[in-house]
Amino acid sequence: MNSSVSIDLEACGRTFAGGHTALHPLDLNIAAGETLVLLGPSGCGKTTTLRLISGLERPDPNGRVRFDQRDVTPLPIEKRKVGMVFQSYALFPNMNVAANIAYGLRIQRLPATEIQQRIDAVMAMTDLKGFGERRIDELSGGQKQRVALARAIAVRPRVLLFDEPLAALDAKLRDRLRIEIARLLKELGITAVYVTHDQSEAMALGDRIAVMHQGRIAQLGTPQEIYHRPASTFVADFIGAVNRLPVLAAGAAGRLVVHGGELHSPHLRGKRTLYCRPEDIHVVALDAAAIRGRVVESVFLGQSQRLLVDTGSDAPLQVDTGSRRQWRAGEAIGLAIPPEVLFHPEQQPRTEEVAHG
Amino acid sequence: MTPRLRFVLQLGFTLLVCLFMIVPVVMSVLAGLTENYFVGLKSGLTLRWVDEVWALYSDTIWLSIRLALACLVVTIVLGVPAAYGLLRSRRRWANAIEETLLLPVAVPGLASALALLLAYGHYREFRDSWLFILVGHVLFTLPFMIRPVLAVMRSARLALLEEAAASLGAGFWRRFLTVVVPNCMSGILAGALMVVTLSIGEFNITWMLHTPLNKTLPVGLADSYASMRLEIGSAYTLIFLVMIVPLLITIQWLGRLTGQRH
């Protein structure tokens with residue numbers, strides 16, 4: 001139902017009046033119909049990027065924003081036909097639910113019958129049937145965000161922009177609404193840019209994720225690429241938990257000596273540190289173990305448990321394993337790390353260049 | 001002290017204070033309705049004085065109402081955009097401007113009026129018209145509109161609402177009229193209450209600016225106290241009360257109505 005557009009940012013930087021650079025000049029191409037997630041800690045420039053795309057802010061002089069190759073840099077947000085969903089809902093408290101949704105449609109001067117049809121349609125899509133006459137302050141947080149979503153898609157925008165839309169909701173509601181947003185984006189096939197600091201949200205929603213750090217894109221790629229082949233230690237740390245294994249010495253036959261044992265990883269020869277995810281480490285019988293240590297602590301997580309294992313290094317090794325076997329503190333444990341799960345960020349190609357388009 | 005005794009004492013004190021404040025009002029109202037105040041109530045009640053005041057001073061009452069309403073319109077038309085401008089400007093500037101706006105309230109009304117006379121008094125037409133007094137009233141009441149409106153604007157997260165409206169295609173004027181103004185309505189009503197009250201009761205500036213043909217109610221009141229029987233002045237007060245009390249109640253009721261909606 002939407003004619004979605006591609007978005008291109010060219011050398012879009014943003015420096016504020018005090019000289020603070022929120023965003024270093026940035027190139028970014030978002031394909032039509034794609035969902036791109038901007039992920040990062042607060043102050044990383046993700047919201048600034050979103051606001052540059054929306055037209056709420058202008059890039060520094062050399063920056064260009066294009067929708068379908070057309071330069072929209074000088075256009076204010078009201079001329080860009082973008083739908084926006086905010087963290088704090090930004091619903092108009094002086095209007096009821098239906099009037100909020102109709103707001104953009106009235107501006108387009110659509111006939112009353114069509115306005116009503118569209119209101120009914122988007123309210124059905126967002127599970128809001130029967131809420132039209134409700135006042136905004138009578139709604140729960142989740143309902144408010146649905147209304148905001150309905151209001152944004154009712155005008156049939158070319159792009160949907162989300163600014164941490166779920167951050168103000170409690171965990172359960174967040175999961176439900178995230179699934180609904182994912183479904184909606186699929187249904188609409190609309191280009192979407194989604195800002196969040198929550199990695200699970202980013203993984204679930206993004207066709208691609210741009211991890212941002214200090215006003216730059218640290219890595220751009222599919223969720224799989226970002227998770228399994230992080231381009232930098234920052235990305236590796238920010239997305240999920242990661243273990244650092246300092247290499248103590250080179251062993252025989254391409255083996256590397258680490259705290260607690262030896263690892264076989266020919267592709268990482270010469271590296272000073274190896275990285276791996278907690279879920280990629282297996283618990284094995286002591287006599288077959290490549291690495292041995294003692295359990296310091298176990299944290300029960302329901303579907304799994306996280307063990308902290310002391311191997312003699314500064315930081316204990318984090319290991320995820322099945323939650324049925326109970327581990328006591330001090331118990332000896334044997335671990336195995338398959339070579340293919342070990343990685344070293346700097347070794348990866350910068351996916352930024354590879355994954356364009 | 002038992003709770004009951006404390007309650008009785010508090011009630012007694014409250015009633016005493018009420019009495020202290022209400023008795024003069026009642027006496028004044030009664031004086032306006034008594035045949036002869038010095039003889040007392042036994043001389044009989046009458047509406048004669050009220051009639052007489054109406055015959056002598058009705059034009060001052062109409063002028064006061066006209067002034068108050070005109071003043072309200074002007075302070076809304078100037079004050080709401082001004083508050084919006086202050087909201088959008090840097091906090092330091094906004095504070096400085098807000099304080100400057102308060103100056104006409106702090107400076108004695110006579111001084112403000114004198115300044116107006118010195119600056120614009122020689123434009124005869126203007127000086128003789130009621131608009132000259134209106135200027136004085138607007139100067140005096142404008143901060144009472146701007147401050148509550150600005151306070152509501154600051155608390156209403158207007159910037160965010162405006163961004164949402166803009167994302168839906170609303171240009172500046174549409175945003176201003178459909179989002180900004182409706183969402184600071186409670187501030188506008190609170191301001192309106194102050195502006196109307198202050199304008200109707202304003203004496204200092206008005207006394208300096210008035211001409212024999214343009215007297216407001218308080219100026220007329222001073223005139224009648226100075227030159228007429230006490231009963232006339234009191235009847236005048238009665239009319240003033242009858243006029244202003246329903247007005248204030250209406251505005252407060254409106255305020256509560258919009259207060260509930262948010």
Side-chain angles (χ1 to χ4, degrees), chain A residues 17-18 47 50-51 53-57 75-96 99-110 118 135-138 144-145 147-163 165 168, chain B residues 76 80-81 83-94 148-192 253-262:
Chain A
T47 296
L50 188 80
R51 291 172 71 87
I53 295 171
S54 72
L56 284 171
E57 271 176 48
L75 294 185
I77 181 169
E78 57 261 36
K79 303 255 192 265
R80 289 195 188 183
K81 291 193 179 170
V82 296
M84 204 153 174
V85 179
F86 301 86
Q87 177 180 343
S88 44
Y89 323 122
L91 296 175
F92 308 127
N94 54 317
M95 305 173 198
N96 65 18
N100 263 278
I101 297 174
Y103 188 84
L105 304 173
R106 298 235 164 85
I107 293 171
Q108 295 180 3
R109 296 184 186 283
L110 297 178
R118 289 235 207 145
R135 287 191 344 226
I136 298 307
D137 56 9
E138 294 172 332
K144 282 182 188 164
Q145 203 53 293
V147 175
L149 197 58
R151 183 178 69 176
I153 59 178
V155 295
R156 299 189 181 165
R158 300 188 290 176
V159 179
L160 260 180
L161 304 173
F162 296 86
D163 189 4
Chain B
I76 288 176
V80 177
Y84 182 77
L86 290 175
L87 179 77
R88 282 302 186 85
S89 55
R90 286 172 180 232
R91 194 61 180 249
R92 192 145 46 102
W93 286 105
V149 172
L150 186 57
V152 172
M153 281 178 172
R154 279 191 176 137
S155 67
R157 308 221 282 184
L158 272 186
L160 183 73
L161 294 181
E162 268 201 83
E163 287 184 352
S167 76
L168 294 163
F172 173 77
W173 285 108
R174 184 185 285 267
R175 296 200 298 266
F176 189 76
L177 294 175
T178 60
V179 174
V180 175
V181 171
N183 285 302
C184 59
M185 208 37 119
S186 59
I188 294 177
L189 280 166
W253 175 74
L254 279 175
R256 208 160 325 130
L257 213 65
T258 56
Q260 276 167 358
R261 278 196 23 230
H262 292 302

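Order of the sequence lines fixes the chain letters, A, B, ..., with proteins taken first and strands second; residue numbering starts at 1 for each chain.
Closest heavy-atom contact between A:N94 and B:T178: ND2-O, 3.2 Å. A:A90 and B:A164 get closest at one heavy-atom pair: O-CB, 3.6 Å.
Within the 4.5 angstrom heavy-atom criterion, no atom of B:A156 approaches chain A. Heavy atoms closer than 4.5 Å to chain B are found nowhere in A:L161, neither backbone nor side chain. Contacts between B:R157 and chain A at a heavy-atom distance below 4.5 Å involve the side chain alone, from C-beta outward. Only the side chain of A:L56 has a heavy atom closer than 4.5 Å to any heavy atom of chain B.
Residue with the most contacts toward chain B among A:I136, A:I107, A:L91: A:I107 (heavy-atom pairs, distance under 4.5 Å). For the set A:A148, A:S88, A:P76, the count of heavy-atom pairs under 4.5 angstrom toward chain B peaks at A:S88.
Salt-bridge annotation for B:R174 and A:E78: absent, with no side-chain N of the basic residue lying under 4.0 Å from a carboxylate O of the acidic one.
Heavy-atom contacts from other residues, nucleotides or ligands closer than 6.0 Å to NZ of A:K81 number 12 or fewer.
Within the 4.5 Å cutoff, side-chain heavy atoms of A:R151 are placed close to those of B:L168.
Of the listed residues (A:F86, A:F92, A:Y89), just one forms a side chain to side chain contact (heavy atoms under 4.5 Å, CB included) with B:L161, and that residue is A:F92.
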